[in-house]
Amino acid sequence: MEMEWCVSMPKVELHAHLNGSIRVSTLLELAKAEKGDIDFSEVEHVIVKYERSLIEVFKMFDLIHNLTTDHNTVTRITKEVVEDFASENVVYLELRTTPKRNDSIGMSKRSYVEAVLKGLRSVSSVDVAFIPHNEDSKSLFSSLPTITNDKCNGVARKRIYVRLLLSIDRRETTEAALETVKLALEMRHLGVVGIDLSGNPKVGEWTTYLPALEFAKEQGLHVTLHCGEVPNPEEVHNMLDFHPQRIGHACFFEDEHQRRLKSSKIPVEICLTSNVRTLSVPSIDVHHFVDLYNAKHPLVLCTDDSGVFSTCLSKEYKIAADSFGLGRREMFELSRNGVEHIFADSGVKEDLRNFFNSVAKNME
Ligand code: 6MZ
């Protein structure tokens, strides 16, 4: 499959971690400028490394967070990440990030998310719609035949919906997790649509997060869980009992879990490169994408951490096409089906459906 075609096709991204999607060039720049504990010559090779184990990935996140956790940098990377996704024709981005508290620099979870929102507002090279119930956002695509031939004053402009998920890190306490859920509820009018549970899958207990996740669900927030990223059958069982609106990864699923997953129809966010690099699957040709795809289970291709894994969503589609023998029509339908699993409201969904339909007509 030609990469150019994968780039030109409209796509939705539902599993992207803000700090994992940082540009490598920005990370190198931040590391070089850092005057504190970090010695650039020691971290440069870590940043540009291609292969990383799951343990190394989480060490990398500690390094990234050291360099990015101040308000201005959070704003900057948010802006860049949205620009990068929009530039490859992602038309709907659900960006997830863990609100961080850092008393020494006056950062609260709230001020962290405000810095993210400032980043969304500061994007000027593409049209970003992130506030719900805003007439402009509801019709972001309605008048466009295709995204790639849109011209505004002679300059091609990309358009993208962005919604936010606030992540609970598995290292957090029940109280900290509840604080994140309360914050998400208070920020719904600013485009926060749900909660994600993520972080090092080898750390923490399901019972710690459950009260916060149940509260989120009761209050009508959408919930997605990193599920089965490492072998932990008891946790997978409990997560399936919880019945989240989506799950991420689903790599280490025993037969019983596979059966329950398929009958539950819970959509799965599939991150091919991430799974292969972290050895959550032994190799691409045995990836569970194939079994789920053949069973017509709801799936969405996603990047996870485009910066950390040197990928982008177009590349993930190309990998799927090349590895599993899918053609353009199948790729397009896979992308289009993603719209059905977004957490944004029905107005956005309808606008995206219409947009994909108009692109499909042009392709005929
Ligand atoms: C689990 C992951 C992850 O939130 O600081 N994160 N959690 N599995 C993964 N697969 C490789 N990739 C990223 O973005 C970085 C954080 O997202 C979670 C981790 O908690 C990581 O620290 P934010 O923007």
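Note that the numbering runs from 1 along the sequence shown for the chain. All ligand and atom numbering here is 1-based and tracks the order in the structure. Since we're looking at a predicted model, the values are computed, not measured.
With a 4.0 Å cut-off on non-hydrogen atoms, Asp305 touches ligand 1 through its side chain and not its backbone. Contact annotation for Thr97 and ligand 1: heavy atoms of both the backbone and the side chain come within less than 4.0 Å of the ligand.
Between the choices His65, Arg52, Arg277, the shortest heavy-atom distance to atom 5 (O) of ligand 1 belongs to His65. Taking each of Asn275, Asp304, Thr98 in turn, the one with a heavy atom nearest to atom 4 (O) of ligand 1 proves to be Thr98.
Annotation: side chain of Arg171 is not in contact with side chain of Asn200 (no heavy-atom distance under 4.5 Å).
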- Item | Check against salt bridge (charged side-chain N to carboxylate O under 4.0 Å, His left out), Glu333 and Arg336 | CA-CA 5 Å; Glu333 289 310 324; Arg336 183 191 349 222; 3.0 Å; yes
- Message: If you apply the rule side-chain hydrogen bond (donor to acceptor under 3.5 Å, both in side chains), what do you find for His341 with His222, and how did you get there?
- Response: CA-CA 11 Å; His341 313 306; His222 297 277; over 6 Å; no
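Ligand 1 lies out of reach of Arg170, whose nearest heavy atom is not under 4.0 Å from it.
Evaluation of the side-chain hydrogen bond (donor to acceptor under 3.5 Å, both in side chains) rule for Tyr112 yields Asn19, Thr97, Lys100 as partners, not counting sequence neighbours.
Cation-pi geometry between Arg246 and Phe343 is satisfied (NZ or CZ under 6.0 Å from the ring centre, within 45° of the ring normal).
Listed by number with element, the atoms of ligand 1 under 4.0 angstrom from any heavy atom of Phe58 are 1 (C), 2 (C), 7 (N), 8 (N), 9 (C), 19 (C).
Of the protein's non-hydrogen atoms, Gly199 CA, 3.3 Å is the one closest to atom 20 (O) of ligand 1. The shortest contact between atom 10 (N) of ligand 1 and any protein heavy atom is with Glu229 OE2, 2.7 Å.
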